[in-house]
Amino acid sequence: MQGYRGASSGGRRRGRVIRRKEMPLWQELPLLLVVAFCLAVLIRTFLVQAFFIPSGSMQNTLAIQDRVLVNKVVYDIRDPLRGEIVVFRGTENWAPEQPATPVSNTFGAKLGRTIGDLVGVSRPGERDFIKRVIGLPGDKVACCDDKGRITVNGEPVDEPYIFENSPLDQPPNPRQCSSRRFAEVTVPDGEMFVMGDHRLVSQDARCQGPVPIDNVIGRAFVVVWPTKHFTSLSVPDNWKSYAAAHPVGSAPLGAPPEPGPDPATTAVMLPFLLSVGVSARSGLCLTPRRRRLRP
């Protein structure tokens, strides 16, 4: 019996679960905030950035003060496609669309702008623009056909997303996109032809010239704020049909590029999955602690 009791006691000791000491909440919460801030900085720098819509050049697809998420890695995998909405840095020919606003230089305002720049929720710079891709390298873009539509490589394109189009009777102006008509433009190699959906007010490639693809910051893929405007920004069906029938001008084999799955979702979710793994590894969690009732 003594041997039996000893074996039983040893078994209990060997089977005893050693619990890690829980970190106090006042230590755990600041650590989680630092981890979340670092993840936000990494996501903003390499993966996804929030972009504030400052003007009405993309109405009604995008409204003023909407916030969109921009995938910054998709064009490291493939080239832009016609019909996609992209954020890019304009060249010297591109005039700022939003009026200059006074900026506060108080310490709090500077600190807020710095933090906003780090996590990607600040206002865009004067040279940051958001437009829709119309033409790619080698494409011939012009306006208009007999129905007032743009043509790409001689083929008219229906654009149901246009909010207000520019007038047909307005004479072309090389420095002001006030006319719908413009002479045929052959998009140079390494550049793209972009236009706003609100053609009446948009200042775009019609009068300011094509933009280098290297200037692209990323692809806008979803509207996240305000919540009532939440929607994905996919390629319209008319551009999908056009791409299927008309390859990119510079494509070597006469076939359009076939992009793989858009890595936007993966780019957003991967850091969060990593953070969950790190938290589980270190024993950090936000589950409420159970209070022990004293007898």
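Inter-residue side-chain proximity for Trp239 and Ile134 is flagged as met; some heavy-atom pair is nearer than 4.5 Å. Two residues are said to be in side-chain contact when any heavy atoms from C-beta on lie closer than 4.5 Å; Asp128 and Arg89 meet this criterion. Considering only heavy atoms from C-beta on, Met195 stays 4.5 Å or farther from Ser202 through its side chain. Side chains of Val86 and Tyr75 form a contact here, defined as non-hydrogen atoms less than 4.5 Å apart. When side chains are defined from C-beta on, Arg132 counts as touching Thr61, because their heavy atoms get closer than 4.5 Å. Looking at Val68 and Val223, their side chains come closer than 4.5 Å, going by heavy atoms from C-beta outward. Contact annotation: the side chain of Val141 approaches that of Phe182 to within less than 4.5 Å [non-hydrogen atoms, C-beta and beyond].
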message = If you apply the rule ring-ring contact (aromatic ring centres under 6.0 Å, His included), what do you find for Phe88 with Trp94, and how did you get there?
response = CA-CA 11 Å; Phe88 59 92; Trp94 283 66; 5.3 Å; yes

inquiry  = Checking Arg199 against Glu159 for the salt bridge (charged side-chain N to carboxylate O under 4.0 Å, His left out) test, could you report, in this order, the C-alpha distance in whole Å, the side-chain angles of both residues, the deciding distance, and whether it holds?
reply    = CA-CA 11 Å; Arg199 301 284 162 81; Glu159 298 181 281; 2.7 Å; yes

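Judged purely by atom type and a 3.5 angstrom limit, Gln203 has no side-chain atom pairing as donor or acceptor with the backbone of Gln176. Between the side chain of Arg149 and the backbone N or O of Val157 there is no donor-acceptor pair closer than 3.5 Å. In terms of modelled atom types and a separation under 3.5 Å, the side chain of Ser179 and the main chain of Gln170 share a donor-acceptor contact. In this structure a side-chain-to-backbone donor-acceptor pair under 3.5 Å is present from Arg219 to Leu233.
When every heavy atom of Val187 is checked against every heavy atom of Gly135, the shortest pair comes out as CG2-C, 4.2 Å. Scanning both residues, Pro212 and Thr91, for their nearest heavy atoms gives CD-CG2, 3.5 Å. Scanning all heavy atoms of the two residues, the minimum distance from Asp76 to Lys72 falls at OD2-O, 3.9 Å. Contact between Arg180 and Ser166 at its shortest, heavy atoms only, is NE-O, 2.8 Å. Taking both residues in full, the closest heavy atoms of Asp189 and Pro137 are given as CA-CB, 4.0 Å, listed atom of the first, atom of the second, then distance. Taking all atoms of both residues into account, the shortest heavy-atom contact from Val185 to Pro210 is CG1-CG, 4.4 Å.
Within 6.0 Å of CD on Gln65 lie no more than 12 heavy atoms contributed by other residues, nucleotides or ligands.
Neither Ile64 nor Val201 shares a network with the other; the hydrophobic side chains, linked directly or stepwise wherever heavy atoms of I, L, V, M, F, W or Y lie under 4.5 Å apart, form separate groups for each. Cluster annotation: Phe163 and Leu200 are assigned to distinct hydrophobic clusters (Ile/Leu/Val/Met/Phe/Trp/Tyr, side-chain heavy-atom contacts under 4.5 Å, transitive).
In this structure, His198 NE2 and Asn60 CG are separated by 8.0 Å, a value rounded to the nearest 0.5 Å. Residue Thr151 holds its OG1 atom at 7.0 Å from CD of Glu184, rounded to the nearest 0.5 Å. To the nearest 0.5 Å, atom CG of residue Leu136 and atom CG of residue Asn153 are 9.5 Å apart. Summarising the geometry, atom CD1 belonging to Ile53 is positioned 10.5 Å from atom CD belonging to Gln59; distances are rounded to the nearest 0.5 Å.
A salt bridge links Arg206 with Asp204: the distance from a Lys NZ or Arg NE/NH1/NH2 to an Asp or Glu carboxylate oxygen falls below 4.0 Å.
With respect to Phe51, the side-chain contact (heavy atoms from CB on, under 4.5 Å) criterion is satisfied by exactly one of Ile130, Asp66, Leu69: Ile130.
Seen from the ring of Tyr242, Arg82 does not count as a face-on cation partner, given the 6.0 Å and 45° thresholds.
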